[in-house]
J.: 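Let me begin by handing over the structure; questions about it come next.
We count residues from 1, following the sequence as given. Counting starts at 1 for both ligands and their atoms, in listed order.
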Amino acid sequence: MEKEKQEYEKISKLENVKVLISEKELQEKISLLGEQISSDYKGKIPVLISVLKGSFIFVADLCRKISIPIVFDFMAVSSYGNSMASSGVVRITKDLDYNIQGRDVLIIEDIIDSGRTLHYLVKNIQARNPNSLEICALLDKDVKGKIKNTIKYKGFDIPDEFVIGYGLDYAENYRNLPYIGYIENG
Ligand code: IMP
Ligand code: MG
């Protein structure tokens, strides 16, 4: 209990947490992405595949800025464990519920770091023969040796910092912050 209390103190005070992208900036960009998606997919019913857990807040806000019919599915992959460093190992911990063959699929990602997770997902989803497959990512990190993926709908390019908030966690904490932040000296 003492340990939990100490953790609570540290996390709730948001010590060393700095704002990188404000709530307002996020919402403005998400409105634009929603408009773009609505216009590009007009006449179609795209399947938004949200990659859990990180993208749950992004997809929740984005979908309410989309004015055409859409359906949802969710996939969970694990690549990081609880640390800040990429292990390079991607594992599906929850697969899609629906058959996406012949559908117009849009993958919704929170952040692209090394690009490994996304690269794996694209190959995996492509193998199920969708009619089309595009990527929407809120954040794209500027890291060396990145695996290239074509991101049709992108929120923000960010520097190579570990970020938290708006769905993104550090050891499962901070996901509920309404902005994107980073931990100074973290
Ligand atoms: P990648 O495979 O290296 O591109 O890593 C992608 C996944 O790692 C993301 O979907 C996140 O879940 C996680 N991740 C990468 N960078 C960060 C970060 O700065 N903060 C929180 N999670 C991150
Ligand atoms: Mg993710």
J.: Judging by distance only, is a nitrogen or oxygen of Gly115 under 3.5 angstrom from one on ligand 1?
T.: yes

J.: Pick one: which of Ile21, Asp61, Leu139 meets side-chain contact (heavy atoms from CB on, under 4.5 Å) with Tyr166?
T.: Asp61

J.: Taking salt bridge (charged side-chain N to carboxylate O under 4.0 Å, His left out) as the cut-off, I'd like each qualifying pair that reaches into residues 147-160, sequence neighbours left out, listed once.
T.: Asp140-Lys154, Lys154-Asp157

J.: Return yes when Lys146 approaches ligand 1 closer than 4.0 angstrom through a heavy atom, no otherwise.
T.: no

J.: Give a yes or no on whether Val71 and Met75 share a hydrophobic cluster (residues Ile, Leu, Val, Met, Phe, Trp, Tyr; joining criterion: side-chain heavy atoms under 4.5 Å apart).
T.: yes

J.: With a 4.0 Å cut-off on N to O distance, would you call Lys24 and Glu28 a salt bridge?
T.: yes

J.: For Ser38 and Ser67, indicate whether the former's side chain and the latter's backbone hold a donor-acceptor pair under 3.5 Å.
T.: yes

J.: Compute the minimum heavy-atom distance from Asp169 to ligand 1 and say whether it is under 4.0 Å.
T.: yes

J.: Quick check on contacts: which atoms of ligand 1 are under 4.0 angstrom from a heavy atom of Glu161?
T.: 19 (O)

J.: How does Glu109 reach ligand 1, by side chain, by backbone, by both or by neither, if only non-hydrogen atoms under 4.0 Å count?
T.: side chain

J.: What I want to find out is whether Lys13 reaches Glu9 closely enough, with some N-O distance under 4.0 Å, to be called a salt bridge.
T.: yes

J.: With heavy atoms of Lys141 as the reference, note each atom of ligand 1 found under 4.0 Å away.
T.: 16 (N), 17 (C), 18 (C), 19 (O)

J.: In ligand 1, which numbered atoms sit nearer than 4.0 Å to a non-hydrogen atom of Ser114?
T.: 1 (P), 2 (O), 3 (O), 4 (O)

J.: Just jot down the ligand 1 atoms closer than 4.0 angstrom to any heavy atom of Leu168, in number order.
T.: 21 (C), 22 (N)

J.: At less than 4.0 angstrom from any non-hydrogen atom of Asp110, what atoms of ligand 1 do you find?
T.: 9 (C), 10 (O), 11 (C), 12 (O)

J.: Using a 4.0 Å cutoff against the non-hydrogen atoms of Val163, which atoms of ligand 1 qualify?
T.: 18 (C), 19 (O), 20 (N), 21 (C)

J.: Compute both the distance and the angle, then confirm whether Lys29 meets the cation-pi test with Phe156: under 6.0 Å from the six-membered ring centre, within 45 degrees of the axis.
T.: yes

J.: Near Arg116, which atoms of ligand 1 are under 4.0 Å from a heavy atom of that residue?
T.: 2 (O), 4 (O)

J.: Could you tell me whether some N/O pair between Leu118 and ligand 1 is separated by less than 3.5 angstrom?
T.: no

J.: Keeping to residues at least two apart or across chains, list the salt bridge (charged side-chain N to carboxylate O under 4.0 Å, His left out) pairs with something in residues 38-49.
T.: none

J.: Any non-hydrogen atom of His119 lying under 4.0 Å from ligand 1?
T.: no

J.: Under 4.0 Å from a heavy atom of Thr117: give me the atoms of ligand 1 that qualify, with their elements.
T.: 1 (P), 2 (O), 5 (O), 6 (C)

J.: Decide, yes or no, whether a salt bridge links Lys53 with Glu172 under the criterion of side-chain N to carboxylate O below 4.0 Å.
T.: yes

